[in-house]
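Residue numbering restarts at 1 for every chain, and letters A, B, ... go by the order of the sequence lines. Because the structure is a prediction, the values reported are computed rather than measured.
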Number of protein chains: 2
Amino acid sequence: MLQSRTEVVADYALQTQVAPRRVLARQPLQALETLGQQITVRRGKEIYAEGALADHCYKIVSGSVRLVKLMADGHRQICEFLVAGDLLGFEDEDDRYFAAEAVSDCVLMRYSRRSVDTLITEDNAFARHMRHLTAKGLEGAYKRMVLLCHKTAQERVAWFLLELSERTANDNDCIQLPMTRGDIADYLGMVIETVSRTLTQLKESGVISMQSVNRIKLVDRDALEDARGDL
Amino acid sequence: MLQSRTEVVADYALQTQVAPRRVLARQPLQALETLGQQITVRRGKEIYAEGALADHCYKIVSGSVRLVKLMADGHRQICEFLVAGDLLGFEDEDDRYFAAEAVSDCVLMRYSRRSVDTLITEDNAFARHMRHLTAKGLEGAYKRMVLLCHKTAQERVAWFLLELSERTANDNDCIQLPMTRGDIADYLGMVIETVSRTLTQLKESGVISMQSVNRIKLVDRDALEDARGDL
DNA sequence: CGTAGTCTTGACCTAGCTCAATCATAGTGG
DNA sequence: CCACTATGATTGAGCTAGGTCAAGACTACG
């Protein structure tokens, strides 16, 4: 299982290269390319800690990342999953509001906060692009808020699967889940058991099938979209 | 009651003038002052609609505003409450993701998107300040996410009351609720009845008292902070 | 005084949580 | 190659917080 989780990483990297929706976004980011150095982070390791000084920003080359907020009462909230191509830690704040952890083995580009700041003040297109990304991030957060307030377990899981299938290019409507059920639960505001039960329900109603525990085939995408409801 | 809701507006405006936490934020925004024109919006009226062209930005002079997302299934999500001093609609997007409505009668400063864009490219301090505000907004959204995922009705309402009391200066730990129970419910991901019940519970346990239906006194702030839990 | 909008309270019901047992899979060491 | 172990996933059996539905109560205002 660990093995398969690691393989996914390579997939993402490859697929993102050709995913058309990223091409547009790439242009203004070329200015970054020369500034960064490449680093790797092993599965489960922290990229940065909650409360740490925000001295670097990152771009995910391959692998996926979770943004984690840990509560005193032991609860864990996953604020966001990020995949290859996504930017990370560009919030304009002195210290991290949440931690970033590698869900699978990751290759990242790392940029110093200072050089990014300079780029933002000097390159208008880049600055505008960053503002746009932040706005999209905020929009996504509000969407999740609606999800967490008003949606049933089925709707949440359906939404999650569709979202993941859109964000990571995939062949034949087959998606790899690099994260555990626990991760999904903490992302969707549910418990592990409910995530598991909901997946089996979807499987039994023929909407999805599971080649392995973390390889899911979207058999009936229309039914899944119905199950998600509108957002 | 309508009367009292309207009175609050004037209070906010006055109090924000002297609230120390706003003073710092005001400096970089002075550049805006000359660009805007003042408008008023009556209680319940739309400032902008969901999906509308985002051609203006606003600053709240007095009154309060809700950001509303309406779902096809009839559910309504209030993404944010904004009070005097807050900025509104500065997201870098072509059309509005949610609608903005006046919770009470409002006085707003309105700026054309074009002039704000120019200011952002020309005034680095202003641009930085705007990035910082957006980052704070995102942080707030993630906090709400935690709230919606893991918190009980009591914790949500306690959090809401404390939040409101911090954001709107108030005398003697007394806060005015410009919004209805329905608004609060749609903000906290609950139903009207539960909001009402929770408020009575807090009242009966002596944590708060209610001078009128929308004027709440925080009798025991410590107990309220306990009820909120940590965030 | 009547009306309309808002708020409160009560009685019920259910989606999803908790607790607990079992199963599946990958990695390990002999 | 085969136990053995650890981690994760599934399934089952209750239980409860909060949602639903329905009936009143309060308040502002014409």
Side-chain angles (χ1 to χ4, degrees), chain A residues 1-8 42-44 73-76 103-105 147-158 176-204 208-216 227 229, chain B residues 1-8 43-44 73-77 103-105 147-158 176-204 208-216 227 229:
Chain A
M1 185 156 65
L2 298 188
Q3 183 53 25
S4 69
R5 283 225 166 92
T6 316
E7 275 169 19
V8 181
R42 308 298 289 173
R43 189 170 76 87
D73 63 4
H75 275 139
R76 187 183 70 149
V103 172
S104 52
D105 290 355
L147 187 85
L148 297 173
C149 275
H150 298 298
K151 297 297 184 181
T152 66
Q154 282 242 359
E155 290 169 324
R156 292 176 200 215
V157 172
Q176 279 279 358
L177 305 180
M179 69 289 286
T180 68
R181 301 289 190 266
D183 285 339
I184 300 175
D186 288 344
Y187 180 61
L188 296 178
M190 307 160 54
V191 296
I192 294 183
E193 294 93 324
T194 311
V195 171
S196 186
R197 270 186 257 269
T198 308
L199 283 171
T200 24
Q201 279 165 27
L202 288 173
K203 191 174 61 183
E204 280 167 1
I208 62 171
S209 70
M210 294 171 59
Q211 267 108 334
S212 86
V213 74
N214 56 4
R215 183 166 189 83
I216 290 182
Chain B
M1 186 156 65
L2 298 188
Q3 184 53 26
S4 68
R5 282 223 168 92
T6 316
E7 275 168 20
V8 181
R43 189 170 76 87
D73 62 5
H75 275 139
R76 187 183 70 149
Q77 173 69 27
V103 171
S104 52
D105 290 354
L147 187 85
L148 296 173
C149 275
H150 297 297
K151 297 299 183 179
T152 66
Q154 283 241 1
E155 290 170 323
R156 292 177 200 213
V157 171
Q176 279 280 356
L177 306 179
M179 68 290 286
T180 67
R181 301 291 191 266
D183 285 338
I184 300 174
D186 288 344
Y187 181 62
L188 297 178
M190 308 161 54
V191 296
I192 294 183
E193 294 94 322
T194 311
V195 171
S196 186
R197 268 186 259 270
T198 308
L199 283 172
T200 25
Q201 279 165 27
L202 288 173
K203 191 174 60 181
E204 280 167 1
I208 61 171
S209 70
M210 294 171 61
Q211 268 107 334
S212 86
V213 74
N214 55 5
R215 183 165 190 85
I216 290 182

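- Listed pair A/Arg197 / D/dT11 fails the phosphate criterion, with no side-chain N or O lying under 4.0 Å from OP1 or OP2.
- Side-chain proximity of B/Ile192 to D/dG19, D/dA9, C/dT8: nearest is C/dT8.
- For A/Gln201 and D/dA9, the CD to P distance is 18 Å, given to the nearest whole Å.
- With rounding to the nearest 0.5 Å, the separation of NE2 in A/His75 from CG in A/Asp186 is 8.0 Å.
- When all heavy atoms of A/Glu155 and A/Thr152 are compared, the pair lying nearest together is OE1-N, 2.8 Å.
- We find the CZ-CG distance between A/Arg42 and A/Asp105 to be 4.0 Å, quoted to the nearest 0.5 Å.
- Among the heavy atoms of the strands, none lies under 4.0 Å from B/Gly44.
- Atom CZ in B/Arg43 sits about 11 Å away from atom C1' in C/dT6, given to the nearest Å.
- Atom CE in A/Met190 sits about 12 Å away from atom P in C/dT18, given to the nearest Å.
- In this structure, the CZ atom of A/Arg215 is 19 Å from the C1' atom of D/dG8, given to the nearest Å.
- Rounded to whole Å, atom P of D/dG18 lies 16 Å from atom NE2 of A/His150.
- Put simply, the residue from B/Leu148, B/Ile184, B/Thr194 that forms a side-chain contact (heavy atoms from CB on, under 4.5 Å) with B/Arg156 is B/Leu148.
- Taking side-chain N and O atoms only, A/Thr200 has a distance below 4.0 Å to OP1 or OP2 of D/dT11.
- The side chain of A/Thr152 sits closest to C/dG16 out of D/dT10, C/dG16, D/dT11.
- Of the candidate nucleotides C/dC7, D/dG8, C/dT8, D/dG8 has the atom nearest to the side chain of A/Thr180.
- Among all heavy-atom pairs drawn from B/Lys203 and B/Ser209, the shortest one is CG-CA, 4.5 Å.
- The CG-P distance, from A/Asp186 to D/dA9, rounds to 12 Å in whole Å.
- Distance A/Arg181 CZ to C/dT25 C1': 13 Å, rounded to the nearest Å.
- For B/Glu193, taking side-chain heavy atoms from C-beta onward, the closest of the listed nucleotides C/dC7, D/dT20, C/dA20 is D/dT20.
- The nucleotide whose nearest atom lies closest to any side-chain atom of A/Ser196 is, among C/dT8, D/dT10, D/dG19, D/dT10.
- Between the C1' atom of C/dT8 and the CE atom of B/Met210 lies a distance of 10 Å, rounded to the nearest Å.
- In terms of phosphate contacts, B/Thr194 brings no side-chain nitrogen or oxygen within less than 4.0 Å of OP1 or OP2 of D/dA17.
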